[in-house]
There are 2 protein chains.
Amino acid sequence: MGRNRATLADVARRAGLSKTAASMVLNGREGTRLSAEAHQRVFAAAEELGYRPNLAARSLRTRKTATIAFVSDIVATTRFAGDLIRGALDAARERDHVLLITETQGDATFEQYAIEAVLDRQVDGVIYAAMATRRLTVPAAILGGPVVLLNATSPDGLPSVLPDDEGAGRCVAAALLELGHRDAIALIGRNRLKEDDPEVSLAARARLHGIRQTLGEADVSLLAECFCAEWLPEHGYAAMRALLSKPKRPSAIICMNDRLAFGAYQALGEAGLTVPEDISVISFDDDPIAAWLRPSLATTALPHEQMGRRSVELLLDGGAAEPSLVAMPLRRRQSLAPPAG
Amino acid sequence: MGRNRATLADVARRAGLSKTAASMVLNGREGTRLSAEAHQRVFAAAEELGYRPNLAARSLRTRKTATIAFVSDIVATTRFAGDLIRGALDAARERDHVLLITETQGDATFEQYAIEAVLDRQVDGVIYAAMATRRLTVPAAILGGPVVLLNATSPDGLPSVLPDDEGAGRCVAAALLELGHRDAIALIGRNRLKEDDPEVSLAARARLHGIRQTLGEADVSLLAECFCAEWLPEHGYAAMRALLSKPKRPSAIICMNDRLAFGAYQALGEAGLTVPEDISVISFDDDPIAAWLRPSLATTALPHEQMGRRSVELLLDGGAAEPSLVAMPLRRRQSLAPPAG
DNA sequence: ATGCTCTGCTAAATCAGTTTAGCGACCACT
DNA sequence: AGTGGTCGCTAAACTGATTTAGCAGAGCAT
């Protein structure tokens with residue numbers, strides 16, 4: 001790679017000036033007294049030689065690499081990770097930085113390795129990302145420099161970026177109230193583990209809280225709450241069937257995520273009920289399947305791209321210690337209608 | 001980041017030896033005549049100081065960075081990208097390398113920028129990845145060093161990694177034949193653009209070829225072939241409805257990808273037909289929804305993780321010029337059954 | 001005593017930049 | 001004539017590693 005690249009010395013020689021002069025001109029240093037002609041000669045020489053600085057050499061002196069480490073626990077298992085990374089990549093490019101990406105797979109040994117690997121490469125800062133919104137403790141090794149937590153918080157008071165799950169909960173509840181749903185709203189996806197252990201999830205509790213708050217303000221309480229061991233389609237399916245076997249049929253269903261909603265759709269289809277005429281469905285995440293479902297599923301989008309972007313901005317500009325919340329926009333789709341009758 | 005890290009000079013001083021000695025010991029150089037005691041002292045000093053070499057400094061001298069660039073056109077829009085990256089990350093870690101990831105978004109300016117950014121950082125090689133299997137021309141700038149094409153080929157005869165779509169086509173056809181399907185197999189997802197322009201897709205043509213070949217060997221030809229403008233659920237839905245409106249109902253459907261199959265499921269559901277009793281469905285890709293569908297969808301998996309891994313191996317070990325094909329395993333699921341009657 | 005080899009180690013160059021300190025020429029002023 | 005300041009530029013140090021060339025001392029043979 002990069003054999004026979006021109007060096008600064010080559011440029012200087014060709015311009016008939018010293019390395020010092022060439023360096024100063026190319027870095028646009030203010031206050032140097034180099035002549036306009038010298039500037040021209042350096043620029044011309046650099047242009048002709050296709051000069052590009054060797055960043056390894058530069059960073060040896062300046063201790064800046066224009067490189068950010070993106071350390072995450074698990075990227076592959078969730079389809080959202082791509083958006084997180086994309087947002088970070090975009091913001092990084094805008095600021096002339098580049099991303100060194102590593103994955104720990106939740107394994108302490110791998111994490112240790114990943115962190116050493118990026119620190120050895122003198123990265124300017126670390127974005128420590130979690131794929132499920134949760135609380136975690138960051139390894140001490142990275143505390144020597146700037147760190148931003150992405151989709152996570154820590155007890156250390158480090159700057160962090162989180163989706164506004166509580167706001168999304170309020171938003172979802174408000175959307176149903178607005179349509180006239182009141183006493184027949186059921187919830188699918190309660191989960192003690194997710195709600196009670198912030199190291200597992202912060203989203204479940206926040207969403208639930210937001211929903212309850214807005215319903216409470218309208219003096220409405222939930223018709224039913226189904227617990228699910230996981231937030232997967234099969235659990236949504238089972239929960240929906242359970243709900244339909246009860247005497248009072250719900251007019252609207254809130255699912256804690258789109259995969260549950262997908263399962264709920266399957267159960268509704270089998271029961272011969274149509275969405276949204278018989279039952280409205282609304283959910284969280286905006287998984288790609290939400291738009292593919294028939295009818296398309298209303299949901300609040302996890303703003304992963306925005307979050308990725310924000311994390312880079314926070315890292316490079318320095319950010320406040322309190323978590324930076326990113327709004328989860330409501331995607332109004334076909335699965336919403338006023339209650340029947 | 002990395003303030004007050006111990007340097008090699010610190011280690012040497014503490015061990016009471018020269019930098020040269022320390023460097024040689026820590027690099028495990030053979031043939032040096034340093035005493036066992038010197039070795040011990042260096043190791044001890046390094047351990048005590050928590051010494052880690054500064055890779056920027058090292059690579060300035062050695063022109064090796066143990067860093068690989070992963071340049072892709074678009075990562076975010078496809079859920080598969082994560083697997084490609086994960087495989088590459090795993091293989092890279094096993095070989096003590098790290099990945100610098102950039103994205104061009106199919107934009108020439110961004111691509112130029114991305115390539116300069118990674119070359120400036122002296123990467124040891126470039127993995128040039130495409131998110132849709134296709135043919136492309138790589139920018140001349142990266143030809144100065146090792147390059148591997150991932151999910152793509154180029155006319156330059158560079159080493160490349162591709163999924164075995166043709167094999168998958170054969171495999172899909174064979175699975176149906178094996179169950180007894182013969183004269184009522186229909187295909188959803190023909191697409192001229194994808195089939196005829198290798199710069200758009202190599203998969204469509206290869207899959208079709210594989211299917212035709214195996215069916216042909218059994219003297220079977222397709223009952224119908226539906227063209228689709230895109231491979232999205234809505235197109236699969238429309239195609240399935242069209243098929244069902246014809247006099248002869250198919251006994252099995254091959255969809256060119258899982259999203260089409262998802263749409264086909266929706267149409268089958270509406271028509272009151274059940275999978276697999278009335279109609280078998282089989283597909284390509286192994287999108288996560290394939291496993292979530294009811295009944296679960298049989299499909300051939302795109303081996304993205306394997307491919308990512310292979311690309312790193314090829315890059316570091318040097319690879320043959322002919323494309324390295326990675327098998328697409330068949331996932332047998334509930335959507336397959338012998339033809340009715 | 002001299003020359004030779006071998007052992008165990010180090011000084012210094014090198015990689016490609018940035019940065020500090022300062023040099024010589026020219027001008028103005030007293 | 002001497003002094004001081006500005007202008008335009010450069011030599012050399014520095015970053016933290018690797019690597020080349022070679023030095024001092026011991027052991028041995030002649």
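Values below: all heavy atoms of this structure, side chains included; hydrogens, waters and symmetry mates excluded.
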>> Side chains of B:Arg121 and A:Thr67: any donor to acceptor distance under 3.5 Å?
In response: yes
> Going by atom types alone, do B:Asp124 and B:Thr65 pair a side-chain donor with an acceptor below 3.5 Å?
Replying inline: yes
> Hey, what bend do you get for the helix from C:dA1-D:dT30 to C:dT30-D:dA1 if you fit axes on five pairs at each end, rounded to 10°?
Replying inline: 90°
Any salt bridge between [X] and [Y], counting N to O under 4.0 Å?
| X | Y | answer |
| --- | --- | --- |
| A:Asp10 | A:Arg13 | yes |
| B:Glu305 | B:Arg309 | no |
| A:Arg95 | A:Asp317 | yes |

Side-chain polar contacts of residues 153-162 of chain A - donor-acceptor pairs under 3.5 angstrom, sequence neighbours left out - could you list them?
residue  : atom : partner  : partner atom : Å
A:Ser154 : OG   : A:Asp156 : N            : 3.1
A:Ser154 : OG   : A:Asp156 : OD2          : 2.8

> Which letter, B, S or -, goes with each nucleotide of nucleotides 10-23 of chain D from 5' to 3', with contact meaning a protein heavy atom under 4.0 Å?
Replying inline: BBB-BBBBBBB---
>> Counting only side-chain nitrogens and oxygens, does A:Ser35 get under 4.0 Å of the OP1 or OP2 atom of D:dC9?
In response: yes
> Can you check whether B:Arg29's main-chain N or O pairs, donor with acceptor, with B:Asn27's side chain at less than 3.5 Å?
Replying inline: no
>> Working to the nearest 0.5 angstrom, can you tell me the gap between B:Asp90 CG and B:Ile85 CD1?
In response: 12.0 Å
